[in-house]
Amino acid sequence: MIITFPDGAQRTFENGSTSLDIAKQLSNSLAKKVLSAKVNGEIWDITRPITADATLQLLTWGDTDAKRTFWHSSAHLMAEALESLYPGIKFGIGPPIENGFYYDVDLGDRVLSSNDFESIEKKMKELAGKNNAYIREEISKSDAVAYFTEKGDEYKLELLEGLQDGDITFYKQGNFADLCKGPHIPDTGAIKAIKLLKVAGAYWKGDEKRKQLTRIYGITFPNQQELDDYLKLLEEAQKRDHRKLGKELGLFTFSDKVGAGLPLWLPNGTFIREKLVDFLKEEQIKRGYKPVITPHIGKKDLYITSGHYEKYGKDSFQPIRTPEEDEEYLLKPMNCPHHCEIFKAFPKSYKELPYRVAEFGTVYRFEQSGELHGLTRVRGFTQDDAHLFCTADQLKDEFKSVIELIRYVFKRLGFSEFTAQISLRDPENKEKYIGSDENWEKAERAIVEASEEMGLSTVTELGEAAFYGPKLDFMVKDAIGRSWQLGTIQVDYNLPERFQLEYIGADNEKHRPVMIHRAPFGSLERFIAILIENCAGNFPLWIAPKQVAIVPVSEKFIPYCEKVLNFLESSDIRGFIDYRNEKIGKKIRDAETSKIPLMLVIGEKEVDAETLSVRKHGSGDIGSMDFEAFKTYFDNLLNN
RNA sequence: GCCAGUGUAGCUCAGUUGGCCAGAGCAGCUGAUUUGUAAUCAGCUGGUCGGGGGUUCGAAUCCCUCCACUGGCUCCA
């Protein structure tokens, strides 16, 4: 048979050779490293015979697919260890994930905590040391059902229900057999370094109405060094956690007395926040947005009209009642209903479209208690919200303009790594969505084309659209790899309908506008959280609350420092003098730990020569320069 | 909301199987020191051990409950 390699090279091998055989013939060192193989585009066990001409790519640890194979096999190894330690437990699913793997198990009445990790890891290492082979076995559905019936594992039986006879495989290693389509590494011996990371509850099939299983997360590596490096990386990431830095840098805080999920912005955090708001306000005005302001509450009726009350009313903060008339008001969970009323305040002509109203609107949502998380998931937050009312024909251009804005914002704030996701409706379930087919097609096409024309690389997800329209979301990862949605652009056919929004067209007839919700930051809280983690607290110079620390060598030089401060102020540079009676090393250390971008050390030399001795955060002494040179240096950093 | 874990001074953490008046470092305050590129020295202040209830002669430590936080699950207009 002829095997074609990724570089296009072709070689003949004996029919029935496995990928491992082939690897051995190519190079012994390669054969030792290969974990799985892509045969005709499908990931296979390397011990599985290839029986016809095929394309073959040998996968080693560096390949994501090989890692997945390795971790999938590790999940089986953990399952084997668990079964041997806790006989009679039942298994859900145990897949590889981005970093490691997990297995969902039903432990019966047993409770597992991280205290048990050590004994499980020990057992896993013991089993791994046996070099047991992972053996693939095709099995009939009836035999598979019989096996798990005998074992009493209702979860596996439920999984079997969804599988076709003839399409079912088991993998066995040691004393453990699992329903699994594979592939796996050849044997457990390759798994050298093992670390269990966390336990969590996870609903069976992700359904909160069903039983909660115990999910155990772990990660494994082919050698100890890789594991150590990984753990080190996690540790480093934790230092960037916005909750930690927020405390250390005095950005924000929470108080039990005020309430969970209700952030209190401290002066430094407020400074950054206001810088961002001013920046975006200015950019929006340049792009034809009109700032508006609406109240924090609105009558219940408003949200009955918008439909939010029906969908979220029970799970929201409950209505506030007026003392006498017994009217009910809700804390606003969204700005759009108010903005719809703004649109309706005066009759609109097609000549006024697109009509763009923008508001930094604070909203309140009763998030589930287990969901609250630092600034990324809170109960009171401010959206950089705007609503664009336009005609269907204007959709695409509006989208392009918002994409441009979001990319500009991300660029200015150093978000180089983000993903853009287009969420379209599920073509199988069109009845789940509001709005006509024609409108949906128009809107979806507008999003796809706008993204293409802007050169934005996107992933498209079918069925992820909101019920009221398709959307485009921008996601950025936090310090520990969780992905958060920041910027968003959403088309809405629902609210214009519910609020009976209209404009007069060129034909002198009434028409319904389309509405776009959009927010480049998403929420200021979440955006700033991710910003903190992205820059590790070293904010871009233009938003740093304090830009320059003036550090006198002794108090004799304070008059000169004040002259320096005056100069900074007249140059629009935010400086302050460290007047404390401390040694110079201490003052520098404090400025470094509080991540002040620049320090000016002032002593006798500087006074005599009318210069400044500049020190940059993280880089140390830069050297001395005169006032004007410093200004130039600063401006360069500012515009970077 | 669910599962598991955690909660000691403003911050980071000690506090052995329940047993003197609950400790340290940093921060803060006072004083000395006048300093040349990441921590000067000394003294002092500061805690209803998350809240409430219980067991006990005795609880930071054991039990119950509520609250908050951490990691997941579900949710996220």
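Proteins get letters first, then strands, A, B, ... in listed order; numbering begins at 1 in each. Basis for what follows: all heavy atoms, side chains included, without hydrogens, waters or symmetry-related copies.
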Problem set entry | Residue pairs involving residues 299-308 of chain A (criterion salt bridge (charged side-chain N to carboxylate O under 4.0 Å, His left out); sequence neighbours excluded) | Lys299(A)-Glu327(A), Lys300(A)-Glu328(A)
Exercise. So how far is it from Ile596(A) CD1 to Asn538(A) CG, rounded to the nearest 0.5 Å?
Worked result: 10.5 Å
Just the table, please: protein N/O against nucleotides 45-50 of chain B N/O, every pair under 3.5 Å.
none

Exercise. Are the aromatic rings of Phe521(A) and Phe381(A) close, with centres under 6.0 Å apart?
Worked result: no
Problem set entry | Nucleic acid contacts of residues 523-532 of chain A, taken as heavy-atom distances under 4.0 Å to RNA chain B | none
Exercise. With under 30° as parallel and over 60° as perpendicular, where do the rings of Tyr230(A) and Phe221(A) fit, or are they tilted in between?
Worked result: tilted
Exercise. In whole angstroms, how far is the P atom of C76(B) from the NZ atom of Lys471(A)?
Worked result: 10 Å
For this session: Quick one: list whatever passes ring pair (Phe, Tyr, Trp, His ring centres under 6.0 Å) with Phe630(A), sequence neighbours left out.
Result: none
Exercise. How long is the line joining CZ of Arg379(A) and P of G1(B), in whole Å?
Worked result: 7 Å
Exercise. Between Pro333(A) and Gly374(A), which is nearer to the 5' end of RNA chain B once each is assigned its nearest nucleotide?
Worked result: Gly374(A)
Seminar exercise, completed: Atom CD of Gln212(A) and atom P of G71(B) are separated, to the nearest Å, by 17 Å
Exercise. Taking CG from Leu251(A) and P from G10(B), how many angstroms apart are they, rounded to a whole number?
Worked result: 20 Å
Exercise. For U70(B), does either OP1 or OP2 sit under 4.0 Å from a side-chain N or O belonging to Arg243(A)?
Worked result: yes
For this session: In whole angstrom, give me the gap between the C1' atoms of G25(B) and A39(B).
Result: 12 Å
Seminar exercise, completed: Contacts of Ser369(A) meeting side-chain contact (heavy atoms from CB on, under 4.5 Å) (sequence neighbours excluded), chain-then-number -> Arg379(A)
Exercise. If you measure only the distance, is there a donor-acceptor pair under 3.5 Å linking the side chains of Thr611(A) and Ser624(A)?
Worked result: no
Exercise. To the nearest angstrom, how far is Leu372(A) atom CG from C76(B) atom P?
Worked result: 16 Å
Exercise. Using the rule for Phe, Tyr, His and the six-membered ring of Trp, do Tyr312(A) and A77(B) stack at under 5.5 Å and under 30°?
Worked result: yes
Exercise. Expressed in angstrom and rounded to an integer, what is the separation of Ile93(A) atom CD1 from G72(B) atom P?
Worked result: 17 Å
Exercise. Parallel under 30°, tilted from 30 to 60°, perpendicular over 60°: which one fits the rings of Tyr364(A) and His296(A)?
Worked result: tilted
Problem set entry | Spacing of Arg377(A) atom CZ relative to A77(B) atom C1', expressed in whole Å | 11 Å
For this session: Encode nucleotides 36-44 of chain B as B, S and - characters from 5' to 3', where the letter depends on protein heavy atoms closer than 4.0 Å: B to the base, S only to sugar-phosphate, - to neither.
Result: BBBBB----
Seminar exercise, completed: In short, salt bridge (charged side-chain N to carboxylate O under 4.0 Å, His left out) pairs touching residues 478-497 of chain A with sequence neighbours left out are Asp478(A)-Arg482(A), Glu497(A)-Arg512(A)
Exercise. Within this structure, what is the CD-to-C1' distance between Glu555(A) and A32(B), rounded to whole angstrom?
Worked result: 13 Å
For this session: List in chain and number order the residues that pass side-chain contact (heavy atoms from CB on, under 4.5 Å) with Leu565(A), two or more places apart in sequence or in another chain; answer none if no residue qualifies.
Result: Ile550(A), Glu569(A), Ile577(A)
Seminar exercise, completed: Walking RNA chain B from its 5' end, the first of Gln485(A) and Asp241(A) to be reached, judged by nearest nucleotide, is Asp241(A)
Seminar exercise, completed: For Lys195(A), the side-chain contact (heavy atoms from CB on, under 4.5 Å) test, sequence neighbours excluded, returns Glu121(A), Leu197(A), Ile219(A), Leu227(A), Leu231(A)
Exercise. Quick one: are Glu398(A) and Arg356(A) in side-chain contact, heavy atoms under 4.5 Å?
Worked result: yes
Exercise. Reading RNA chain B 5' to 3', how would its secondary structure be written in dot-bracket notation, given Watson-Crick and G-U pairs with both distances under 3.5 Å, brackets [ ] for crossing pairs and | for partners on other strands?
Worked result: (((((((..((((.....[...)))).(((((.......))))).....(((((..]....))))))))))))....
Are any protein N/O atoms closer than 3.5 Å to N/O atoms in nucleotides 4-7 of chain B? If there are, list each pair with its distance.
none

Problem set entry | Contact list for residues 602-624 of chain A, test salt bridge (charged side-chain N to carboxylate O under 4.0 Å, His left out), sequence neighbours left out | Lys563(A)-Glu610(A), Glu592(A)-Arg615(A)
